[in-house]
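Computed over heavy atoms, backbone and side chain alike; hydrogens, waters and symmetry mates excluded. Please read all numbers here as calculations on a predicted model, not as lab measurements.
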There are 2 protein chains.
Amino acid sequence: MTLGAVKIAKGPETLAGVLRDDILSGAIEPGASLAPERALVEQTGLSRATVREALRILETEGLVISRPGRNGGARVQPVNDNGVAKAVQFLIRGRRLDNATLRETREVLEGATARLAAERRTAADLAEIAAISARLEAAIDDLPRLAEENARWHIAVAQAGHNPLLTAFMKSIAAAISHPSGDAHPELPREGRAALIKAHRRVVEAIQARDADAAERRMLRHLRAYEPRTRGK
Amino acid sequence: MTLGAVKIAKGPETLAGVLRDDILSGAIEPGASLAPERALVEQTGLSRATVREALRILETEGLVISRPGRNGGARVQPVNDNGVAKAVQFLIRGRRLDNATLRETREVLEGATARLAAERRTAADLAEIAAISARLEAAIDDLPRLAEENARWHIAVAQAGHNPLLTAFMKSIAAAISHPSGDAHPELPREGRAALIKAHRRVVEAIQARDADAAERRMLRHLRAYEPRTRGK
DNA sequence: AGCATAGTTTTGGCCTGACCATTATAACAT
DNA sequence: ATGTTATAATGGTCAGGCCAAAACTATGCT
């Protein structure tokens with residue numbers, strides 16, 4: 001019988017594991033504070049440095065944030081999708097993933113979320129999307145603002161699909177696409193901006209009409225409108 | 001003008017940020033070691049505790065692993081998709097995402113990767129899938145082994161799609177689906193196992209024939225075959 | 001020569017104890 | 001009441017040490 005490499009859990013990781021389980025299982029509610037560092041030292045018999053490294057692990061994982069001062073301490077955060085986005089950013093930067101891969105992934109995700117949005121959107125979802133659309137259309141001549149509201153619009157559509165995983169994935173790559181290598185937003189001409197608004201409207205109409213096929217089709221058409229002409233590898 | 005909360009970078013995070021940039025930019029190659037802790041202490045003027053917390057951050061992010069002993073130290077790891085999988089696990093556990101969401105997400109991802117696999121698979125991809133299929137078919141009466149090879153098969157198909165992001169997303173949820181709340185594998189009857197093998201074969205045939213529509217269709221049919229009868233929310 | 005064995009060195013892992021910085025509360029003075 | 005000044009609680013950082021693990025080096029026995 002062969003054994004794989006046995007992972008030896010070190011002190012900080014062991015303590016972090018215990019606390020992590022308490023957080024993810026809900027035994028410690030979001031908003032509540034962990035015991036102060038010095039109390040953890042007494043309870044665990046570990047040194048303060050070790051306890052602090054454990055807390056640093058949890059903080060890096062996004063499960064707590066630490067604040068100094070009286071009534072400070074490590075406060076449990078509600079689990080959100082920032083951690084996924086961060087890990088995806090690492091993957092994109094570290095593996096030098098190209099824009100074609102990002103766009104392709106985005107099409108898969110947004111095609112699916114547009115379809116789901118048409119099937120599941122609530123009145124509140126529609127209101128949220130409409131509010132963003134109004135702000136976006138008002139910002140047609142303010143390019144940075146337009147780009148910002150555009151990102152919000154796509155995220156709102158994804159959220160209307162009510163699948164938290166697909167939403168998380170979509171947000172992860174949306175962040176990478178809006179900041180293409182730190183560069184500013186490419187000069188989209190004014191007629192392009194008008195076309196964007198029109199395309200959004202058509203997608204929203206399909207979602208409102210609960211027409212899943214149309215929502216997916218129009219979203220994909222919208223996304224593909226901005227691809228470089230050099231398509232078809 | 002209103003300002004958002006200004007994020008004050010603490011010592012460890014600042015140092016981690018510098019090192020992280022060096023790693024993600026490729027200035028430090030995977031496999032290479034960071035300077036020893038005591039050297040970083042001298043170079044930065046920080047204390048050893050601070051330096052260690054910085055390294056712990058990088059270790060938690062999966063960018064380095066630290067090993068004791070001579071020639072030990074913090075070794076830079078190639079960036080992989082484990083970090084994404086870990087963050088997704090947190091999201092699933094912390095937000096109590098249900099199996100319906102996981103299955104739905106899986107269908108979106110695997111439908112897309114099956115399609116891409118048909119378009120892009122290389123001879124090496126096909127060989128890899130064939131090897132796994134052979135092992136899987138040989139393990140038809142060894143349920144744990146079957147489940148393991150089944151997971152490998154789906155991952156191999158995703159990889160044949162040559163989109164690292166979609167592959168990472170798919171692996172992230174595949175891990176959660178194979179371990180449904182720690183329970184063992186449900187007793188799939190023998191004829192179900194035979195049907196699984198047949199379904200796999202049909203998918204592979206489509207991928208081999210570069211028939212993207214058929215690959216997607218057959219993969220979705222395969223995935224939906226195991227859903228509970230209570231469909232349609 | 002060859003090979004086991006025992007140092008030696010490098011490096012992370014952990015501990016003790018201290019002091020500083022920040023924040024909220026309590027006490028006090030006006 | 002209200003503004004100001006302690007005081008306490010808590011994380012942030014530092015200094016210095018010792019232990020544990022791992023790799024290299026020298027030794028000594030065949």
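Across all their heavy atoms, Ile140(B) and Leu146(B) have their closest contact at CA-CD1, 4.0 Å.
Legend: residues meeting side chain to side chain donor-acceptor pair (under 3.5 Å) with Glu128(B), ordered by chain and number and at least two apart, are absent. Thr167(A) is linked by a side chain to side chain donor-acceptor pair (under 3.5 Å) to nothing, counting only residues two or more places apart in sequence or in another chain.
Residue Arg106(B) holds its CZ atom at 12.5 Å from OG of Ser172(B), rounded to the nearest 0.5 Å. Remark: Ile57(A) CD1 to Glu13(A) CD distance equals 4.5 Å, nearest 0.5 Å.
Screening Arg115(B), His222(B), His154(B) for a side-chain hydrogen bond (donor to acceptor under 3.5 Å, both in side chains) with Glu110(B), the sole residue that qualifies is His154(B).
Residues Leu58(B) and Arg20(B) are in side-chain contact: their nearest non-hydrogen atoms beyond the backbone lie under 4.5 Å apart. In this structure, the side chains of Glu59(A) and Lys10(B) come closer than 4.5 Å at one or more pairs of heavy atoms. Using a 4.5 Å cut-off on side-chain heavy atoms (C-beta onward), Leu136(A) and Leu196(A) make contact.
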> What string of B, S and - do you get for nucleotides 8-18 of chain C 5' to 3' if you count protein non-hydrogen atoms under 4.0 Å?
Replying inline: -BBBBBBBB-B
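Reading DNA chain D from its 5' end, the first and the last nucleotide to sit under 4.0 Å from a heavy atom of chain B are dG12(D) to dC24(D).
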> With Watson-Crick and G-U wobble geometry limited to distances under 3.5 Å, how should the secondary structure of DNA chain D be encoded in dot-bracket form, using | for bases paired to another strand and [ ] for crossing pairs?
Replying inline: ||||||||||||||||||||||||||||||
Could you list the donor-acceptor pairs under 3.5 angstrom formed by side chains in residues 22-31 of chain A, with sequence neighbours left out?
from: Ser25(A); atom 1: OG; to: Asp21(A); atom 2: O; distance (Å): 2.9
from: Ser25(A); atom 1: OG; to: Asp22(A); atom 2: O; distance (Å): 3.3
from: Ser25(A); atom 1: OG; to: Ala27(A); atom 2: N; distance (Å): 3.4

